[in-house]
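Not measured: the values here are computed from a predicted model.
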Amino acid sequence: MSITAIKGFNDLLPSESGLWQFIEQTARQVFARYGFNEIRVPIVEKTELFCRSIGDTTDIVEKEMYTFTDKGGSSLTLRPEGTASVMRALIEHKLYALDSINKLYYMGPMFRHERPQKGRYRQFHQIGAEVTGAADPLIDAQVLLMVSRLFKELGLTEPSLQINSLGCPVCRPAYREALVAFLAQRQDALCEDCRRRQTTNPLRALDCKVPGCVEATKGAPAMLEHLCPECDLHFSAVQNYLAVAEVPFSLNPRMVRGLDYYTRTTFELVTGLLGSQSAVAAGGRYDGLVEQLGGPAVPGIGFALGVERVALLLGDRNFDGTPDLFIAVLGDAARTAGFHLMAGLQDQGFWVETDCEGKSLKSQMRRADKLKARYSIVLGDTELTAGSGSVKCMGDGSQQAVNLTVAAITEILTGG
RNA sequence: GUGGCCAUGGUGAAGCGGUUAACACUUACGACUGUGACUCGUACAUUCGAGGGUUCGAUCCCCUCUGGCCACCCCA
């Protein structure tokens with residue numbers, strides 16, 4: 001058996017790369033309009049970074065990270081998400097000192113050891129953006145506006161925006177207690193997982209899909225009703241700004257996060273078209289994260305989208321271009337002349353193809369057709385002596401005489 | 001990590017104990033000796049994910065492994 005790729009690690013083949021480039025390019029264009037600059041951070045970080053940011057007791061850190069010991073004895077990890085690295089870089093290079101507001105975006109592979117499924121792989125790709133330095137709800141709304149515009153530019157209307165507020169260190173502990181007390185009364189109705197999570201992450205019970213849990217948590221206290229005055233004000237301001245910008249959204253009081261660092265505004269773009277992989281993009285505010293990682297008390301908010309999932313939503317689209325001209329050649333002299341002509345036309349910016357296998361004219365024409373070349377030209381002894389030939393339009397089969405010069409052919413290629 | 005279903009060429013797939021392993025597409029060459037598309041012809045799986053077992057014989061039955069899909073879990 002020949003060597004294959006690792007389970008959950010996929011090749012992106014030429015037939016799909018056009019779609020990915022479209023997604024990436026659209027993201028870059030949209031982000032630029034909102035003043036974001038790209039940051040490129042390493043794929044491997046010290047394990048501690050993720051433990052401290054994502055949270056020791058989260059599933060990601062507990063059982064999904066690709067962690068290994070390097071030759072120097074340090075524990076390193078293939079990044080499972082992007083925000084931690086970006087914040088690490090922000091602190092390490094004191095970017096917060098250069099400018100009070102930093103707007104950064106990134107794209108690249110992330111790694112989580114999960115069971116592969118459609119839209120979920122062990123190496124997957126995210127495009128994300130982060131804003132640090134501003135706690136104002138206007139920033140929350142701006143990020144949401146940008147996300148919604150990005151999906152619009154991508155041509156997707158399907159994923160819908162859901163928002164929620166998770167409160168802050170002032171109001172969340174009290175809410176958590178209220179919820180734990182509520183759940184404690186309904187112990188018997190809860191599933192095994194939810195009972196286990198009561199001490200680690202009780203909020204998850206709100207998101208549980210087991211029928212018993214759904215039933216048991218029906219009257220559960222909602223975070224939105226336990227927000228402190230500041231958080232409450234912040235959240236209603238976010239909603240007002242969204243209304244001003246005409247960004248459609250719905251409230252999902254049960255939305256929780258798998259990462260510990262989130263505070264206040266959280267959001268998801270969800271779709272019903274990807275089976276259980278319903279989240280296409282997600283993010284939220286993380287006001288304590290930078291400080292938690294040893295930096296100053298800088299607030300932040302960001303999001304990431306799953307490129308594989310967006311690609312699935314966009315489906316099969318043809319992004320392939322076609323050659324402008326195919327030069328068919330007969331004999332060595334023509335081959336050399338054709339090569340010269342090809343080089344000149346390529347310098348003019350045209351996509352030009354020619355035979356490189358010494359094939360018959362028929363085969364060369366077939367290839368021109370298969371490549372969907374717009375025009376073709378045949379070069380043989382007759383053309384070389386005459387210094388002219390005829391260019392054939394592959395669409396309608398018409399031919400027109402032309403001198404064998406870059407200028408003359410350029411005129412036809414641009415004119416037609 | 002748990003459970004269910006699945007695995008035949010470059011692709012989509014028939015076959016289901018003994019077959020030349022169908023058919024279609026793709027690809028290559030030719031009919032058309034200097035002009036593609038349509039048409040026609042020819043070629044393309046000693047082999048049925050890998051390894052064992054049962055059998056006179058296994059693509060077909062059994063086991064193990066690997067991979068895929070779906071659901072759970074989790075999440076982008």
Side-chain angles (χ1 to χ4, degrees), chain A residues 1-10 13 15 23 54 58-65 80-83 107-128 147 159 191-194 196-197 201 204 207-210 255-259 267-271 274-284 302-313 326-331 334 355 357 359-383 389-399:
Chain A
M1 200 50 190
S2 51
I3 298 172
T4 58
I6 308 167
K7 179 181 189 147
F9 288 66
N10 303 123
L13 300 176
S15 57
I23 295 168
I54 299 171
T58 57
D59 279 15
I60 294 176
V61 171
E62 272 184 349
K63 46 196 190 193
E64 295 178 359
M65 296 208 300
E81 60 107 35
T83 304
M107 47 183 72
M110 308 293 164
F111 305 84
R112 291 181 201 172
H113 192 103
E114 299 180 277
R115 184 94 164 239
Q117 232 171 286
K118 199 173 208 80
R120 180 218 268 185
Y121 308 100
R122 290 184 174 175
Q123 175 178 326
F124 62 102
H125 297 76
Q126 289 190 331
I127 297 177
V147 173
C191 72
E192 212 177 298
D193 284 326
C194 287
R196 174 176 55 79
R197 284 190 295 237
N201 193 353
R204 281 242 83 92
D207 200 33
C208 189
K209 290 168 197 94
V210 175
M255 181 168 64
V256 296
R257 303 272 68 179
L259 288 67
F267 57 92
E268 279 180 13
L269 269 89
V270 296
T271 175
L274 295 179
S276 62
Q277 266 58 55
S278 58
V280 178
F303 81 95
L305 65 81
V307 180
E308 283 84 356
R309 293 179 186 181
V310 170
L312 281 170
L313 287 179
F326 187 94
I327 302 176
V329 295
L330 292 161
D355 171 66
E357 298 168 280
K359 292 199 168 182
S360 69
L361 180 64
K362 182 181 190 65
S363 290
Q364 293 188 49
M365 289 305 290
R366 273 187 179 159
R367 181 160 176 79
D369 184 57
K370 187 182 144 202
L371 293 171
K372 296 190 171 65
R374 287 168 55 222
Y375 291 94
S376 66
I377 184 169
V378 178
L379 258 46
D381 293 339
T382 338
E383 286 78 10
S390 58
V391 167
K392 180 174 189 174
C393 172
M394 298 296 281
D396 57 21
S398 65
Q399 302 202 24

Would you indicate what [X] reaches in the nucleic acid, counting non-hydrogen atoms under 4.0 angstrom: base, sugar-phosphate, or nothing?
X: Lys370(A); value: sugar-phosphate
X: Gly119(A); value: base
X: Gly283(A); value: nothing
X: Val280(A); value: sugar-phosphate
X: Ala368(A); value: nothing
X: Glu357(A); value: nothing

Might you point out which heavy atoms bring [X] and [Y] nearest each other, and give the distance in Å?
X: Lys359(A); Y: Gln364(A); result: O-NE2, 2.9 Å
X: Thr271(A); Y: Pro159(A); result: CB-CA, 4.4 Å
X: Val256(A); Y: Glu268(A); result: O-OE2, 4.1 Å
X: Arg122(A); Y: Arg115(A); result: NH2-CA, 4.3 Å
X: Leu259(A); Y: Thr58(A); result: CA-CG2, 4.3 Å

Using the [atom1] atom as the reference point in each nucleotide, state the distance between [N] and [M] in Å, no decimals.
N: A43(B); M: C25(B); atom1: C1'; result: 16 Å
N: G3(B); M: U8(B); atom1: P; result: 24 Å
N: C48(B); M: U59(B); atom1: P; result: 6 Å
N: C32(B); M: C38(B); atom1: C1'; result: 13 Å
N: U42(B); M: G52(B); atom1: C1'; result: 41 Å
N: G10(B); M: C16(B); atom1: C1'; result: 25 Å
N: U46(B); M: C6(B); atom1: P; result: 27 Å
N: C63(B); M: G4(B); atom1: P; result: 13 Å

Is there a donor and acceptor pair, one atom on the side chain of [X] and one on the base of [N], closer than 3.5 Å?
X: Lys392(A); N: G36(B); value: yes
X: Arg115(A); N: G68(B); value: no
X: Lys362(A); N: C32(B); value: yes
X: Arg309(A); N: C75(B); value: yes
X: Gln364(A); N: G34(B); value: no

Please report the distance, rounded to the nearest Å, between [atom1] in [X] and [atom2] in [N].
X: Arg366(A); N: C40(B); atom1: CZ; atom2: C1'; value: 11 Å
X: Leu330(A); N: U35(B); atom1: CG; atom2: C1'; value: 9 Å
X: Asp381(A); N: U35(B); atom1: CG; atom2: P; value: 15 Å
X: Met107(A); N: A76(B); atom1: CE; atom2: P; value: 18 Å
X: Leu259(A); N: C75(B); atom1: CG; atom2: P; value: 7 Å
X: Asp59(A); N: A76(B); atom1: CG; atom2: C1'; value: 15 Å
X: Asp369(A); N: C32(B); atom1: CG; atom2: P; value: 20 Å
X: Gln117(A); N: C73(B); atom1: CD; atom2: P; value: 11 Å

Give a yes/no answer on whether the side chain of [X] brings an N or O atom under 4.0 Å of OP1 or OP2 in [N].
X: Lys7(A); N: G67(B); result: yes
X: Ser363(A); N: G30(B); result: yes
X: Ser360(A); N: G30(B); result: yes
X: Lys359(A); N: C29(B); result: yes

> Does a side-chain heavy-atom distance below 4.5 Å link Ile327(A) with Val329(A)?
Replying inline: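 Side-chain contact under 4.5 Å: yes.
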> Is the closest side-chain heavy-atom distance between Gln117(A) and Arg120(A) below 4.5 Å?
Replying inline: yes
> Given pairs defined as Watson-Crick or G-U wobble with both distances under 3.5 Å, what dot-bracket annotation applies to RNA chain B, with ( ) intrastrand, [ ] crossing, | other strand and . unpaired?
Replying inline: ((((((((.[[[..)..(....]]].(((((.......))))).....[[[[[..)....]]]]])))))))....
> Considering heavy-atom distances to RNA chain B, does Lys118(A) or Tyr121(A) have its closest nucleotide positioned more toward the 5' end?
Replying inline: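 Looking at the nearest nucleotide for each, Lys118(A) comes out on the 5' side.
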>> Here's a test of your reading of the structure: between Arg112(A) and Gly8(A), which maps to the more 5' nucleotide of RNA chain B?
In response: Gly8(A)
>> Under the side chain to side chain contact (heavy atoms under 4.5 Å, CB included) test against Pro80(A), which residue among Met65(A), His113(A), Met110(A), Glu114(A) passes?
In response: Met65(A)
>> Looking at Arg367(A), I want to see if its CZ is surrounded by more than 12 non-hydrogen atoms of other residues, nucleotides or ligands under 6.0 Å.
In response: no
> Is there a donor-acceptor pair closer than 3.5 Å between any side-chain N or O of Arg309(A) and the backbone N or O of Ala279(A)?
Replying inline: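 Checked: pair present.
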> Of all the nucleotides listed (C70(B), G34(B), G36(B)), which has the minimum atom distance to the side chain of Leu361(A)?
Replying inline: G34(B)
